[in-house]
Amino acid sequence: MWEIRELGRYLQERENLEPFQILITRDKNIAGVLSIIIANDGKTFTYAGIDYREYQNQEIYRYLYSRGTSRGTNITLAAIITDNVKKTFENKILNWFGKDFKNFANKEKLPISLSDDDYNLLKGLYGVLVDEKSTIIKDLDAKYKEVYASVVKERKERKDSTKPSFLMTVLLKMPDGLAHFIGELPFMRKWLVAQKKRTIFFKYKTESRGIGTCYLCKKTNVEVYGFMTTFPFYTLDKRVFSPHMNIEDGWKQFSVCSDCYVYIERAKDYLDEYLTFRFYGHRYYLIPKFLLPPSDELVMDVFDVFEYRAKQAKKEVEIKVKADIKELQKLTDDEDEILELLAEEPNQLALTLLFFQQPNKGQMNVELIIPEVLPSRLKKLFDAKTAVDQRNEVHLLGEENDKFSFGFVRRVFPSEFDKTFLEVTKKIFVGKPISFNFVISHAIRSIRNSIFDANGKVSIFKIRDATIKAWITMQFLYQLKILEFNTPIENIKKIEGGDLILSTKEEYKDFEEKITQYLEQNAAFFNTSAKKGIFLLGVLAGNLLYHQRSERKSMPFWSKLNGLRLDEKRTKALLPKIINKLEEYEKNYPTYQILEKMISKYFIEAGEQWKLSPDQISFYFSLGLSLSSEFSFKTENDAEESSNEEDTDSSSSNLEKFM
């Protein structure tokens, strides 16, 4: 919370805002403002019609809209119109004064001191609104329907399906001839500040305030309050949050002074506008913290990055950043993500990622906090992403946009494992180890759940998608040096370079060398003979399934794979069955025979008792199955044996026929 408070302080100092300007409600979806015009000639108040104008962001301080409770009135004399204009007028405008002006009947009990002129102004407004109620509602309703239809039509023309909202307020024509919104009245601004501050000490029909030390700024002997709900992640009316205390003593548990409250409110608006991002069914705040007193230049640079999208869209200023936003790499599914830009900042900046769900406006469930991620750590994530993207330039997923993102991790840990997915995300950001066997177990579950398409047929494409995304996720974790193997890998020779790209023009005498090269390039993953043999057996099986699909339009051999639930015994039994089928189809080409010899060799080297779990065996087999098209070229000798066949040696055509 300190980081959020400091963000608000930076913003207030930068913008030089008064408290009333911070405590208003900002709503991007407001399309226009409908105002009830009340004329005052110095003696009497009269209704003078309805004013409509487009909502202008630079005018928000004049509108002075500040949302209250859903069932009660708002803080100020302004409200968003519901579909029922009459109810909005009665519940949010008239009731703001109270029946028969009761909310202002006792001037001594008001939150601010009102002059006689201000008091009479409010009383005059109320009198006109009551006396002309029927006419005002009729005029408001007619104007609302007119402008609503016009705005919806205009939005449809630019293919915007967002439902517009409209603000209802009062516009005063004063004796000086000028029209004033309520935000231009000094006493209304004071009223807003006083009423907003009241919300942090008066709730549940109880006051919670006292003299003490502010939890955030550490000021002592100041008035502090106990009901701050800017971020409603706790509530004092539930015993779980305050088991041994009376509600009125809430200020003793989480005490906040009025200055810090204002800072928090400003930070909340800023976070909502610029620093809230999507993350695969979740949302998160990106909360900055300067570890050392920052220079003005650094603060300006960081906030320029935060506001880059908005300012570029409006073409307000030229922002000096390291890359064009359209060219930025993404780690998440949010098109506005700015993590790569922040990765270029110095380590004077730290970023906290706060993941949350907000079922309603009065509730906020914090799901995960990843504290103080340095830009240098973000850079490591992007470097690892670049490395695995370069290693997989063959577009293993059959798409141009198969670059790594946390969407691949999400594929391994789908929505039913939400908590696990977030825990893995945190470990990636902070650099904590993740068990290889743990990833394997979730990966094979995802693969098995992808076997059948919507029609109940086996989908090699879906299996391939789940398998390759799991495989690339493991490569990413390995690049970050956080993938924890049970078998030590310190002495494994690592060969840098791109993944295997097989050429149909190579002679088959090089085929074994290329397979060996691929296994060496991924030596950390293929660190036993058993794993190598299982993987190549999957490659061989994938090619058999391809030939069956090509000739029979079905894959009967799939039934032998036991739904990708394999153990050592079942796996070893598959090799002679696959060879037999290839011979039966007269497809046992020399390249396949090389594969068969290599598999046999690795199985012999592995001996009995592979010491691999069924999940590991199933995954390595699925990986070979999914990469089979990358190992499915024919040599000239192969081509001679299949001269009557159509050309099938491109990996992309193989994939298409699997689909």
**Item:** Set of salt bridge (charged side-chain N to carboxylate O under 4.0 Å, His left out) partners for D272, sequence neighbours left out
**Value:** K268

**Asked** After noting the C-alpha distance and the side-chain angles of K587 and E551, does the key distance pass the salt bridge (charged side-chain N to carboxylate O under 4.0 Å, His left out) rule?
**Response** CA-CA 11 Å; K587 304 293 184 185; E551 295 202 358; 3.1 Å; yes

**Asked** Going through the distances and angles, do L545 and L625 end up as a side chain to side chain contact (heavy atoms under 4.5 Å, CB included)?
**Response** CA-CA 9 Å; L545 292 175; L625 187 75; 3.7 Å; yes

**E423/K427 ion pair, N-O < 4.0 Å** = no

**Prompt:** Can you check whether E372's main-chain N or O pairs, donor with acceptor, with T352's side chain at less than 3.5 Å?
**Reply:** yes

**Asked** Where do K432 and I482 come nearest, in terms of heavy atoms and distance?
**Response** O-CB, 3.5 Å

**Item:** Side-chain (S626) to main-chain (L623) donor-acceptor, under 3.5 angstrom
**Value:** no

**Request:** Test salt bridge (charged side-chain N to carboxylate O under 4.0 Å, His left out) on D465 and R411 and set out the steps.
**Result:** CA-CA 9 Å; D465 181 77; R411 189 75 164 84; 3.0 Å; yes

**Closest heavy-atom pair and its distance - A524, F485** = O-CE2, 3.3 Å

**Message:** When you measure from the side chain of D160 to the backbone of T162, do you find a donor-acceptor pair of N or O atoms at a distance under 3.5 Å?
**Reply:** yes

**Asked** Take atom CD in Q609; do more than 12 heavy atoms of anything else shown fall under 6.0 Å from it?
**Response** no

**Message:** Quick check: do L612 and I534 have side-chain heavy atoms less than 4.5 Å from each other?
**Reply:** yes

**Prompt:** Would you find more than 12 non-hydrogen atoms of other residues, nucleotides or ligands less than 6.0 Å from R570 atom CZ?
**Reply:** no

**Asked** Quick one: does I578's side chain get under 4.5 Å of Y592's, heavy atoms only?
**Response** no

**Charged N-O contact under 4.0 Å between K379 and D383** = yes

**Prompt:** When you check the gap from the basic side-chain N to the acidic O, do K330 and E340 get nearer than 4.0 Å?
**Reply:** no

**Prompt:** Under the 3.5 angstrom rule, does the side chain of Y280 hit a backbone N or O of G407 as a donor-acceptor pair?
**Reply:** yes

**Asked** Strictly under 6.0 Å, is that where the ring centroids of W471 and Y620 end up?
**Response** no

**Asked** Side chain of N562, backbone of L566: donor and acceptor closer than 3.5 Å?
**Response** no

**Asked** Distance only, no hydrogens: is a donor on one side chain within 3.5 Å (strictly under) of an acceptor on the other, for S629 and R464?
**Response** yes

**Message:** If the threshold is 4.0 Å, N to carboxylate O, is there a salt bridge linking D615 and R565?
**Reply:** no

**Message:** Ignoring hydrogens and geometry beyond distance, is a side-chain donor-acceptor pair present between N437 and Q616 at under 3.5 Å?
**Reply:** yes

**Request:** Could you tell me which non-hydrogen atom of P375 sits nearest to which non-hydrogen atom of E345, and how far apart they are?
**Result:** CB-O, 3.1 Å

**Atom pair CD1/NZ of I472 and K469 - distance to nearest 0.5 Å** = 9.0 Å

**Prompt:** For the residue pair L378 and L339, what are the closest heavy atoms and their distance?
**Reply:** CD1-O, 3.9 Å

**Asked** Quick one: do D567 and K569 make a salt bridge, cutoff under 4.0 Å?
**Response** no

**Asked** Can you find a pair of side-chain heavy atoms, one from S405 and one from T332, that are under 4.5 Å apart?
**Response** no

**Request:** Please assess E273 against K28 for the test side chain to side chain contact (heavy atoms under 4.5 Å, CB included), listing each intermediate value before the final yes or no.
**Result:** CA-CA 9 Å; E273 184 170 4; K28 288 183 177 181; 3.6 Å; yes

**Fill in**
Correct closest heavy-atom pair for L342 and L351 would be CD1-CD1, 3.8 Å

**Test salt bridge (charged side-chain N to carboxylate O under 4.0 Å, His left out) applied to K385 - qualifying residues, sequence neighbours left out** = D389

**Item:** Gap between atom CD of E584 and atom CG of L544 - 0.5 Å precision
**Value:** 9.5 Å

**Pair F429-F406, ring pair (Phe, Tyr, Trp, His ring centres under 6.0 Å): steps then yes or no** = CA-CA 11 Å; F429 271 94; F406 273 87; 5.6 Å; yes

**Request:** State which residues pass salt bridge (charged side-chain N to carboxylate O under 4.0 Å, His left out) with K462; sequence neighbours excluded, sorted by chain then number.
**Result:** none

**Prompt:** Are the ring centres of Y285 and F356 closer than 6.0 Å?
**Reply:** yes

**Side-chain donor-acceptor contact under 3.5 Å, N543 with S628** = no

**Message:** Would you compute the distance between atom OG1 of T571 and atom CZ of F603 and round it to the nearest 0.5 angstrom?
**Reply:** 6.5 Å

**Request:** Measure from the side-chain N and O atoms of S165 to the backbone N and O of N29, and report whether any donor-acceptor pair falls under 3.5 Å.
**Result:** yes

**Asked** Out of F413, F436, F619, which one pairs with H442 under the ring-ring contact (aromatic ring centres under 6.0 Å, His included) rule?
**Response** F413

**Request:** Report yes if the side chains of Y585 and R552 come closer than 4.5 Å at any heavy-atom pair, otherwise no.
**Result:** yes

**Request:** Could you list the residues that satisfy salt bridge (charged side-chain N to carboxylate O under 4.0 Å, His left out) with E583, not counting sequence neighbours?
**Result:** none

**Asked** If you measure from CD on E3 to CG on L354, what distance do you get to the nearest 0.5 Å?
**Response** 10.0 Å

**Separation of I460 CD1 from T467 OG1 (nearest 0.5 Å)** = 9.5 Å

**Request:** Mind telling me whether F408 and F404 have parallel, tilted or perpendicular rings, with 30° and 60° as the class edges?
**Result:** perpendicular

**Message:** For the residue pair E484 / S435, report whether a side-chain donor-acceptor contact shorter than 3.5 Å exists.
**Reply:** no

**Message:** Tell me whether R283 contacts the main-chain N or O of F355 through its side chain, where contact means a donor paired with an acceptor under 3.5 Å.
**Reply:** no

**Item:** Partner set under ring-ring contact (aromatic ring centres under 6.0 Å, His included) for F277, not counting sequence neighbours
**Value:** Y284

**Request:** Kindly say whether T386 contributes a backbone atom to a donor-acceptor pair with the side chain of Q329 at under 3.5 angstrom?
**Result:** no

**Donor-acceptor pair, side chain of T276 and main chain of L271, under 3.5 angstrom** = yes

**Prompt:** Could you walk me through whether I444 and I447 pass the side chain to side chain contact (heavy atoms under 4.5 Å, CB included) check?
**Reply:** CA-CA 5 Å; I444 195 61; I447 294 164; 4.1 Å; yes

**Set of ring-ring contact (aromatic ring centres under 6.0 Å, His included) partners for F421, sequence neighbours left out** = F279

**Asked** To the nearest 0.5 Å, what is the distance between OH (Y546) and CZ (R549)?
**Response** 11.5 Å

**Flag, side chain of S618 to backbone of L564, donor-acceptor distance under 3.5 Å** = yes

**Complete:** Shortest non-hydrogen pair, M555 vs V458, comes out as CE-CG1, 4.0 Å

**Request:** Any chance you could lay out the side chain to side chain contact (heavy atoms under 4.5 Å, CB included) test for L519 and Y602, step after step, and finish with the verdict?
**Result:** CA-CA 12 Å; L519 297 175; Y602 287 132; 3.8 Å; yes

